[in-house]
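One structure below.
Chain letters run A, B, ... following the sequence lines, proteins first and then strands; every chain starts at 1. Values reported hereafter were calculated over all heavy atoms of this structure, with side chains retained and with hydrogens, waters and symmetry mates removed.
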Amino acid sequence: MKSYDFKSIEEKWQKVWNEKKVARVEGKNSSGKFYMLMMFPYPSGKLHVGHGRNYILGDAVYRYLRMRGLKPLNPMGWDSFGLPAENAAIKKGVHPRKWTLENIKEMKSQFSRWGVLYDWDREILTCDPSYYKWNQWFFLKMYEKGLAYKAKANANWCPGCRTVLANEQVVNGVCERCSTPVEGRLLEQWFLRITNYAERLLEGLDKLKQWPERVITLQRNWIGKSEGADIIFEIPHLGKKIEVFTTRPDTLFGATFLALSPDHPLSEEIVEKDKFSELKNLRMKKGDTYEKMGIKAKYTAIHPLTGKEIPIWIANFVLMEYGTGAIMSVPAHDQRDFEFASKYGIEIIEVIHKDGGFNGTCAYDGEGILINSSQFNGMESERAKRAIVEKLERMGRGKKSIRYKLRDWLISRQRYWGTPIPIIYCEKCGIVPEREENLPVLLPMDIEFKGLKGNPLETCEEFVNTLCPNCKGKAKRETDTMDTFVDSSWYFLRFINPKEEKAPFISKDVNEFLPVDLYIGGIEHAILHLLYSRFFTHVLYDLGLVNFQEPFQQLFTQGMICKISSITGKLEKMSKSKGNVVAPDEIISKYGADTERLYTLFIGPPEKDAEWSDQGVTGCFRFLKRVWDFGERISSMERKGEKVRDEKILRKLHQTIKKVTEDYERYHFNTAVASLMEFFNFFEENAKNENRAFLEEVFAIFIKLLYPMAPHICEELNQKISESEMMLLEKAWPCYDPQLAKEEMVVVVIQINGKLRGQVKVPENSPEDYVVELALKEENIKNHLAGKEIKKKIYVKNKILNFVL
RNA sequence: GCCGGAGUGGCGGAAUUGGUAGACGCAAGGGACUUAAAAUCCCUCGGAGUUUUCCCACUCCGUGCCGGUUCGAUUCCGGCCUCCGGCACCA
């Protein structure tokens, strides 16, 4: 008997799959359209078993769908622009492109060693001019539509990466990539006007029925819609107005002061000259780590409804980035206003009354009945909101308003390894977009990286100096490159026509294949990538380039693989910096790729985080080894006599087909593995007869069920026992016989007052009377019923019989 | 503070619509084989108790805590605790 030689089996089949290009989808899809996609990786180098989860999961789905008769489009590419490549270049002097291509080669071979299949004929690299040309093209389209613009803004500057970051890339005040604290810097930067799409991005979420609820919630909170009113306060001494945004117009009569952000454009005009240094100081002390403080302005504002003069303060707790940068402060009904008013002795007026509401020690921010509010007294908050806004609208002092937390997407990066922004600064014409026919604006390749500081593009004369496309006069190129999230915001469209030279894609084809039917990736992209991609798709829809607005029909977010970190001592996401990575090659050389695949799927529910256990891996290895030995045993048996079927085994088999099919449909691979193990335990135990024909029949079905998860061993076993040479990948998924999948005899549990007291075996769908009769014969039931009266009987067919006493 | 998600044996986890809690795997303990080890195979494995020579049984408790609905709750409802994730002076 040959022992389980996973190494040669796996090499053999990987070679076959690669050479036959089994996942290739040419042009249109004949077997029904299905587009599945794994989030494409950044080629950072070696992959670990944690990364593997994404790809293995996807491959199991892919192979299952293949057996179900679909031939899904399943492409793969590389998100290959970005900082790590550039940092490696500066450190080691190797060009980012070279570093990137080497990593891709390594990772691609890792995919092969895992036995995951992609249509490599559609491979794309975002760092390739044939790809990033279209980033530039989209940018120009957006510029035309006013969706790309340059503005001076207080940007998030990361001193570590020496570039600005998008709001989405700042996590807890530090850089998402390098964890350096982010500073504010006033810079001219390029933005994409994602805020124009806030409402549509919000509405679109309602249509995403097959997205995880938590991702929807994260996006909804990130967009952060608030409904309220803009209200105008006059400053008579200045002859100017201040507009504020509030969600609580019903509290307007309690507004006893205005508070302006220190960055508000009027802030310098309204404070005394001798308080300028104080103002500057205030600008440094923003954020909730600082105590609330402020400067009283030299002017007052007029309350739009009472006509009373109220003070204006510059306050460090008011954000310039949200609303209008100014608020009406209602100390009785907003805790922040309350703290500020208490500190500076500003008047506090209760206007919303409720029992247990405002008591003078802290603000009451709930709803109630209006008081101290003139003609609105006695109204409910909700009604008063409308009534007051209507009144303001009639007076021309305010209007209904909706605000979002979402801010425009800052895409400028002061780094080299990215898509050059196709903009030219002409001495005469100013900002001039590059002409379409001149695209791509090529990233220069001959750059010396060692010891470099700052953006190398700035020092690259051939790149910077150019002629104006308008007047042919002297001009300079923009040296900022694009955020790499631009690259990943549309790559799923490029896979349809990856080699198209005249357009980013062909609309007709894209409309046929998209939206992506199943998108698999990590939860860490819940906001950034998935929001930007949705935004891009909405924009492309408006440009008439695609006929759908949402790019991803179903989203599956898999959990992360964790392990105790040798550095922090805690359970952490597997990563090099935490010193807790497990290399796939370690597992593959010891147990094989099928074992790693099976264990990765068995480790727990795929949408949840899981802890890697080296010991757990052995369980899966032992299982596969037993499967192999069983196959060997069958193939060494003599073919003789007639096929003798074993009813018990057949029933168990068909129950297992049913269970495993249902589990695959729901992506519950962990329980699919458990069911297959359970079946195999049963099979081994009961397959005592030496009837090869029958054992072979059962075993052939069993390995089909196991195939999507452990494909190499199953292909090999299939070849060994099967008469046809056809690969399992091309075979049909087994159907179960509903009659056989049912138990012949079902166990009905007997309860007394809801407590388990016994069980009887009866034929399926037995009538109540029959089950009661049998139950009453049970010794234990008799004991419990002795001397008591049965009040009620509850019978659930094939499940339970409950006597209520 | 706000918004999500979760809490089940020594561990990872199962229980698809309210119907036998602990499937499957790991670890552990015991045994077989072996000079020995590895590998493999067999048995035990939530807690407490009753019965008993053993087997076979049986009873009570048990799914974070307290309460409710129900013949019956890991599952539904109300209140709390803890942990994880996201947002956070967002007016």
Side-chain angles (χ1 to χ4, degrees), chain A residues 3 171-172 212-222 224-226 228 244-248 251 259 261 286-292 315-319 321-330 333-337 339-340 365 403-407 523-524 526-527 571 598-599 602-605 607-620 622-623 625-626 629 659 662-663 665-666 668 670-681 747-759 779-780 783-784 791-796 798-805:
Chain A
S3 68
V171 178
N172 294 326
E213 199 48 47
R214 58 175 171 162
V215 176
I216 302 268
T217 309
L218 280 171
Q219 292 215 356
R220 188 166 280 135
N221 292 345
W222 188 261
K225 181 179 183 173
S226 295
V244 304
F245 171 68
T246 179
T247 52
R248 294 296 302 273
T251 65
S261 163
K286 294 178 289 192
D288 57 2
T289 49
Y290 293 98
E291 197 195 330
K292 291 186 179 49
N316 67 338
F317 71 91
V318 181
L319 305 171
E321 304 80 42
Y322 184 72
T324 62
I327 59 167
M328 65 175 212
S329 283
V330 185
H333 303 294
D334 183 288
Q335 187 56 27
R336 294 154 303 180
D337 299 347
E339 285 166 27
F340 193 85
D365 61 8
R403 301 271 172 178
Y404 304 90
K405 284 188 206 171
L406 182 71
R407 275 170 252 160
I523 186 77
E524 65 274 20
I527 297 173
L571 195 61
L598 197 67
Y599 176 66
F602 185 53
I603 196 166
E607 69 281 3
K608 284 199 196 147
D609 289 353
E611 186 182 348
W612 183 270
S613 148
D614 289 326
Q615 281 170 328
V617 177
T618 60
C620 290
R622 286 200 273 254
F623 172 66
K625 208 158 61 161
R626 276 167 56 211
D629 290 346
K659 176 76 169 64
E662 285 163 1
D663 283 344
E665 289 291 332
R666 298 181 302 158
H668 286 202
N670 53 331
T671 51
V673 177
S675 303
L676 288 171
M677 287 173 165
E678 192 186 333
F679 169 77
F680 192 73
N681 290 344
V747 173
V748 172
V749 170
I750 313 301
Q751 295 182 338
I752 290 169
N753 286 338
K755 287 205 178 201
L756 174 70
R757 294 302 175 200
Q759 46 179 251
E779 202 58 39
N780 200 32
N783 292 342
H784 279 277
K791 274 196 195 146
K792 204 169 149 191
K793 284 173 282 201
I794 292 151
Y795 179 60
V796 180
N798 305 326
K799 285 218 169 112
I800 63 145
L801 172 66
N802 189 10
F803 293 110
V804 184
L805 302 183

Can you check the distance between B:G62 and B:G25, where both ends of the measurement are the P atom (answer in whole Å)? 29 Å
Check the interface with nucleotides 8-13 of chain B: list each N/O to N/O pair with the protein under 3.5 Å, or write none.
unit_1	atom_1	unit_2	atom_2	d
B:G12	O2'	A:I603	O	3.1

From CD1 of A:I327 across to C1' of B:A91 the rounded distance in Å is 5 Å
Using the C1' atoms only, state how far B:G1 lies from B:U17, rounded to an integer number of Å. 38 Å
Starting at the 5' end of RNA chain B, which residue's closest nucleotide do you reach first, A:S613 or A:N221? A:N221
For a side chain to side chain contact (heavy atoms under 4.5 Å, CB included) check, start with the C-alpha distance between A:F317 and A:Y290, then their side-chain angles and the critical distance, and finish with the verdict. CA-CA 9 Å; A:F317 71 91; A:Y290 293 98; over 6 Å; no
What contact category does A:R403 fall into here, base, sugar-phosphate, or nothing, at under 4.0 angstrom with non-hydrogen atoms? nothing
Evaluation steps, side chain to side chain contact (heavy atoms under 4.5 Å, CB included), between A:Y795 and A:N802: CA-CA 6 Å; A:Y795 179 60; A:N802 189 10; over 6 Å; no
Atom CZ of A:R407 to atom P of B:A88: distance rounded to whole Å? 8 Å
Does A:R757 place a side-chain N or O at less than 4.0 Å from the phosphate oxygens OP1/OP2 of B:C58? no
With sequence neighbours left out, the residues meeting side chain to side chain donor-acceptor pair (under 3.5 Å) with A:K292 are A:E339
Under the rule for side chain to side chain donor-acceptor pair (under 3.5 Å), what residues qualify as partners of A:E678, not counting sequence neighbours? A:K652
Contacts of A:A672 meeting side chain to side chain contact (heavy atoms under 4.5 Å, CB included) (sequence neighbours excluded), chain-then-number -> A:V660, A:D663, A:M709
Sequence neighbours excluded, the answer for side chain to side chain donor-acceptor pair (under 3.5 Å) partners of A:N753 is none
B:C11 to B:A27 separation - C1' atoms, rounded to the nearest Å: 7 Å
Remember a base hit wins even if backbone is also touched, and classify A:V318 as base, sugar-phosphate or nothing at under 4.0 Å, heavy atoms. base
Over 12 non-hydrogen atoms of neighbours within 6.0 angstrom of NZ in A:K225: yes
Short question: side chain of A:R407, backbone of A:Y322 - any donor-acceptor pair under 3.5 Å? no
Distances under 3.5 Å between protein N/O atoms and the N/O atoms of nucleotides 16-20 of chain B, please, pair by pair.
unit_1	atom_1	unit_2	atom_2	d
B:U16	O4'	A:R666	NH1	3.4
B:U16	N3	A:E662	OE1	3.4
B:U16	O4	A:E662	OE1	3.4
B:G19	N2	A:Q751	OE1	3.0

Ignoring the backbone of A:A674, work out which of B:A91, B:C87, B:A23 is nearest its side chain. B:A23
Can you name the side chain to side chain contact (heavy atoms under 4.5 Å, CB included) partners of A:E662, sequence neighbours left out? A:K658
In whole angstroms, the gap separating P of B:G85 from CD of A:E607 amounts to 18 Å
For B:G19 and B:C54, measure between their P atoms and round to the nearest Å. 39 Å
Report which part of the nucleic acid A:Y290 touches: base, sugar-phosphate, or nothing (heavy-atom distance under 4.0 Å, all strands). base
Whole angstroms only, please: what is the CG-P distance between A:N316 and B:A91? 18 Å
Quick check on B:G9: syn or anti? Syn means the glycosidic torsion is within 90 degrees of zero. syn
Taking only nitrogen or oxygen atoms into account, show me every contact under 3.5 Å that the protein makes with nucleotides 45-49 of chain B, one pair per line with its distance.
none

Give the C-alpha distance, both sets of side-chain angles, the deciding distance and a yes or no for side chain to side chain contact (heavy atoms under 4.5 Å, CB included) between A:I327 and A:D337. CA-CA 10 Å; A:I327 59 167; A:D337 299 347; 3.8 Å; yes
What is the distance from CD1 of A:I752 to C1' of B:G72, rounded to the nearest Å? 13 Å
Any base atoms under 4.0 Å from A:S226, or only sugar-phosphate, or nothing? Heavy atoms, all strands. sugar-phosphate
Return the nearest nucleotide to the side chain of A:W222; candidates are B:C87, B:A91, B:C89. B:C87
With rounding to whole Å, what would you report as the distance between B:C71 and B:G78 at their C1' atoms? 23 Å
From OG (A:S3) to NZ (A:K625), nearest 0.5 Å: 8.5 Å
Hey, does the side chain of A:Y599 reach the backbone of A:D614 with a donor-acceptor pair shorter than 3.5 angstrom? no
Sequence neighbours left out, what passes side chain to side chain contact (heavy atoms under 4.5 Å, CB included) with A:K793? Give chain and number order. A:E768, A:V772, A:I790, A:F803
Whole-Å C1' distance, B:U40 and B:C55: 29 Å
Name all residues meeting the side chain to side chain donor-acceptor pair (under 3.5 Å) criterion together with A:N681; count only those two or more places apart in sequence or in a different chain, and write none if there are none. A:R626
Check: A:S329 main-chain N/O paired with A:D334 side-chain donor or acceptor under 3.5 Å: no
Side chain of A:M677, heavy atoms from C-beta onward: which of B:C87, B:C26, B:G25 has the nearest atom to it? B:G25
Nearest-Å distance once atom P is located in both B:U74 and B:U8: 15 Å
Check the distance between B:C87's C1' and A:I527's CD1 and give it to me in whole angstrom. 8 Å
N/O donor-acceptor pair, side chain A:K405 with base B:C87, under 3.5 angstrom: no
Passing option when A:Q751 is tested against A:L801, A:I800, A:V804 for side chain to side chain contact (heavy atoms under 4.5 Å, CB included): A:I800
In whole angstrom, give me the gap between the C1' atoms of B:A88 and B:G4. 14 Å
Taking for each residue the nucleotide of RNA chain B bearing the nearest heavy atom, is the 5' side occupied by A:L218 or by A:T247? A:L218
Go through B:A91, B:G4, B:C24 for me and flag the one nearest to the A:R214 side chain. B:G4
List the residues meeting side chain to side chain contact (heavy atoms under 4.5 Å, CB included) with A:A610, not counting sequence neighbours, and say none if there are none. A:R53, A:I603
Pair assignment for RNA chain B - dot-bracket with | for other-strand partners, Watson-Crick or G-U under 3.5 Å: (((((((..(((......[....))).(((((.......))))).(((((......)))))..(((((..]....))))))))))))....
Rounded to whole Å, CZ of A:F679 lies from C1' of B:A14 at a distance of 20 Å
Distance in angstrom units between A:D629 CG and B:C41 C1', rounded: 13 Å
For A:D337, answer base if it contacts any base atom (sugar-phosphate contacts may also be present), sugar-phosphate if it contacts only those atoms, and nothing otherwise; contact means non-hydrogen atoms under 4.0 Å. nothing
